[in-house]
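A short write-up of the structure that comes next.
Atoms within each ligand, like the ligands themselves, are counted from 1 in listed order.
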Amino acid sequence: MASRQPTLSIDLKAVQENLAVIRSMVGPAVDVSAVVKSDAYGLGLERMVGPLFEVGCKSFFVADLGEAERLRRKLSRVDIVVLSGIRRSDADAYRSRRFIAVCSSPVEVSVANSAEVAYAMNLETGFGRLGLRFDEVRTIVHSDLAPPAFVMSHLACADDPESRRNGLQRDRFIGMCEMLAPAIPRSLVASAGVSLGADYHFDRVRIGSALYGLNNAGLDPNPFVPVVRLSAWLIDVRQVHRGESVGYMGTFRAERPTRLGIVAIGYRHGLAWLVANRLVAEFGGYLAPVVGRVSMEYCAIDLTDIPAALARAGGRVDFISPTRPVEWMARSASTVAQELLVRIGGGCSRRYHMQFGAPS
Ligand SMILES: *Cc1c(COP(=O)(O)O)cnc(C)c1O
């Protein structure tokens with residue numbers, strides 16, 4: 001056992017396949033941009049962008065200037081769109097490295113303009129976060145500022161295809177775009193919005209989650225290929241008497257003589273504290289419930305129903321696998337899959353390969 005760190009295995013081939021799935025959903029007329037913000041959702045920006053570029057992805061969205069610089073060092077010719085906007089002090093970096101700034105206020109638009117930086121207009125259509133309002137867009141359009149490279153907005157409720165807010169936001173988006181020249185490309189949706197249909201796709205979709213194998217809209221059957229696998233070392237196996245409790249605050253009490261496994265993964269690796277007594281891991285093909293609280297470096301699993309010969313320290317316990325998707329863990333942690341992925345990716349050692357079972 002060289003390292004007892006839990007391992008997040010990342011299948012780069014599956015990421016390429018998921019890009020192809022999205023392309024087939026939107027058709028050839030729609031550009032598919034990859035969203036690699038937050039270190040590619042915790043999976044590692046530098047490792048992710050090469051395989052995407054290889055299969056023809058030419059535009060990428062990042063969170064901030066730091067990520068934009070990291071990406072530019074890997075790929076010199078692609079479009080890099082920076083979601084966090086632009087400040088005057090960043091203007092030189094944007095211009096010299098040809099970054100595109102997403103502008104959400106008139107001030108940002110004017111900073112981009114005076115620095116001769118290409119920009120995207122982010123419109124507020126109902127998300128209620130950042131974005132230009134109707135009157136602000138009108139003012140910009142009637143000024144002598146340069147037009148945007150493209151215009152975008154973001155749906156608040158795309159995960160719920162029944163939500164009326166999706167149509168409302170789309171209609172507002174169309175209405176606001178009417179103030180702009182018709183040739184300016186438009187972009188409204190992220191992963192979940194793709195399945196709302198062609199009248200949501202416009203010229204460009206911005207895809208993060210789906211590339212990483214997440215099925216935010218709960219499509220059934222799930223068209224996306226699983227990308228990540230999380231496993232951790234079983235470092236000890238011990239017997240617990242009936243009536244004994246396990247872990248901090250004794251939140252699990254053995255109702256039978258229990259064979260307990262101690263696993264080297266805890267909340268510092270991104271395993272959510274809330275999965276205690278809720279998540280079921282897998283060991284040697286058997287179910288192994290997480291029992292007692294998750295601590296910083298460890299958690300415990302119940303191995304009582306696993307054949308004694310199998311339940312030995314040194315094996316690997318699976319927490320995320322093709323049969324136990326990230327969404328599964330997210331539900332037992334009362335969170336969304338994206339949050340889990342970002343935390344686990346940041347907390348575990350990552351291994352990359354081009355197909356499951358073939359580490360590199
Ligand atoms: C994060 C983000 C995306 C990608 O979202 P997914 O649902 O993960 O595909 C797209 N657009 C904007 C503005 C974002 O912030």
Side-chain angles (χ1 to χ4, degrees), residues 15 18-23 25-26 30-43 45 48-49 52 57 59-64 67-68 71 79-86 99-105 108 119-132 148-161 163 165-166 169-170 173 185-196 200-219 222-225 227-228 325-327 330 335-345:
V15 174
N18 288 329
L19 180 68
V21 170
I22 290 287
R23 281 180 172 154
M25 289 168 86
V26 299
V30 177
D31 175 59
V32 180
S33 299
V35 180
V36 293
K37 67 185 178 195
S38 306
D39 201 23
Y41 291 42
L43 304 188
L45 182 147
M48 207 53 61
V49 294
L52 287 166
C57 187
S59 56
F60 294 84
F61 284 73
V62 296
D64 53 31
E67 289 191 339
L71 176 46
D79 283 349
I80 300 178
V81 186
V82 187
L83 286 163
S84 68
I86 185 168
F99 300 145
I100 299 168
V102 173
C103 293
S104 299
S105 70
E108 286 184 306
Y119 73 101
M121 252 188 195
N122 182 29
L123 307 184
E124 161 56 14
T125 58
F127 195 100
R129 193 174 55 179
L130 301 165
L132 294 155
F150 68 96
V151 57
M152 60 181 268
S153 188
H154 196 48
L155 295 181
C157 301
D159 288 4
D160 174 12
S163 175
R165 300 229 240 150
N166 295 325
Q169 278 198 263
R170 185 199 52 201
F173 183 62
R186 297 178 289 177
S187 174
L188 179 61
V189 299
S191 299
V194 168
S195 48
L196 294 175
Y200 283 81
H201 297 164
F202 297 95
D203 302 296
R204 163 183 286 186
V205 294
R206 310 177 306 268
I207 307 300
S209 301
L211 294 178
Y212 314 120
L214 306 183
N215 181 13
N216 292 351
L219 302 181
N222 178 359
F224 305 114
V225 187
V227 169
V228 299
V326 187
E327 282 84 1
T335 182
V336 291
Q338 299 93 307
E339 186 199 2
L340 266 184
L341 206 56
V342 167
R343 291 187 186 282
I344 290 169

Which of the ligand 1 atoms, numbered from 1, are nearer than 4.0 Å to a heavy atom of Tyr41: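 Near Tyr41, meaning under 4.0 Å from one of its heavy atoms, ligand 1 has 1 (C), 4 (C), 5 (O), 6 (P), 8 (O).
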
Give the numbers and elements of all ligand 1 atoms closer than 4.0 Å to a heavy atom of Ser209.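 Taking each heavy atom of Ser209 in turn, ligand 1 has 6 (P), 7 (O), 8 (O), 9 (O) under 4.0 Å.
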
Tell me, which protein residue and heavy-atom name are nearest atom 11 (N) of ligand 1, and how many Å apart are they?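 Going atom by atom, the protein heavy atom closest to atom 11 (N) of ligand 1 ends up being Arg206 NE, 2.9 Å.
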
What's the shortest distance from atom 9 (O) of ligand 1 to any protein heavy atom, and which residue and atom give it?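 Nearest neighbour among protein heavy atoms for atom 9 (O) of ligand 1, to 0.1 Å: Ser191 OG, 2.5 Å.
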
Is the contact between [X] and ligand 1 made by the side chain, the backbone, both, or neither, using heavy atoms and a 4.0 Å cut-off?
{"X": "Asn216", "result": "side chain"}
{"X": "Leu83", "result": "side chain"}
{"X": "Phe61", "result": "neither"}
{"X": "His154", "result": "side chain"}

Pair [X], [Y]: side-chain N/O donor-acceptor within cut-off below 3.5 Å:
{"X": "Ser59", "Y": "Asp31", "result": "yes"}
{"X": "Ser33", "Y": "Arg206", "result": "no"}
{"X": "Ser209", "Y": "Ser191", "result": "no"}

Ring-face cation of Arg129 near Phe127 (centre distance under 6.0 Å, axis angle within 45°):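 Satisfied, under 6.0 Å and within 45°.
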
Candidate with minimal heavy-atom separation from atom 14 (C) of ligand 1, of Lys37, Arg129, Met152, Gln338: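 When every heavy atom of Lys37, Arg129, Met152, Gln338 is considered, Lys37 comes closest to atom 14 (C) of ligand 1.
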
Show your reasoning for whether side chain to side chain contact (heavy atoms under 4.5 Å, CB included) applies to Glu67 and Leu45. CA-CA 8 Å; Glu67 289 191 339; Leu45 182 147; 4.0 Å; yes

Is any N or O atom of Gly208, backbone or side chain, closer than 3.5 Å to an N or O atom of ligand 1?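 Gly208 vs ligand 1: N/O contact under 3.5 Å present.
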
Look at the aromatic rings of Tyr212 and Tyr41 and report parallel, tilted or perpendicular, splitting at 30° and 60°.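 Rings of Tyr212 and Tyr41: tilted, 30 to 60°.
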
Check whether any side-chain heavy atom of Ile100 sits under 4.5 Å from a side-chain heavy atom of Asp79, and report yes or no.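 With C-beta onward as the side chain, the pair touches.
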
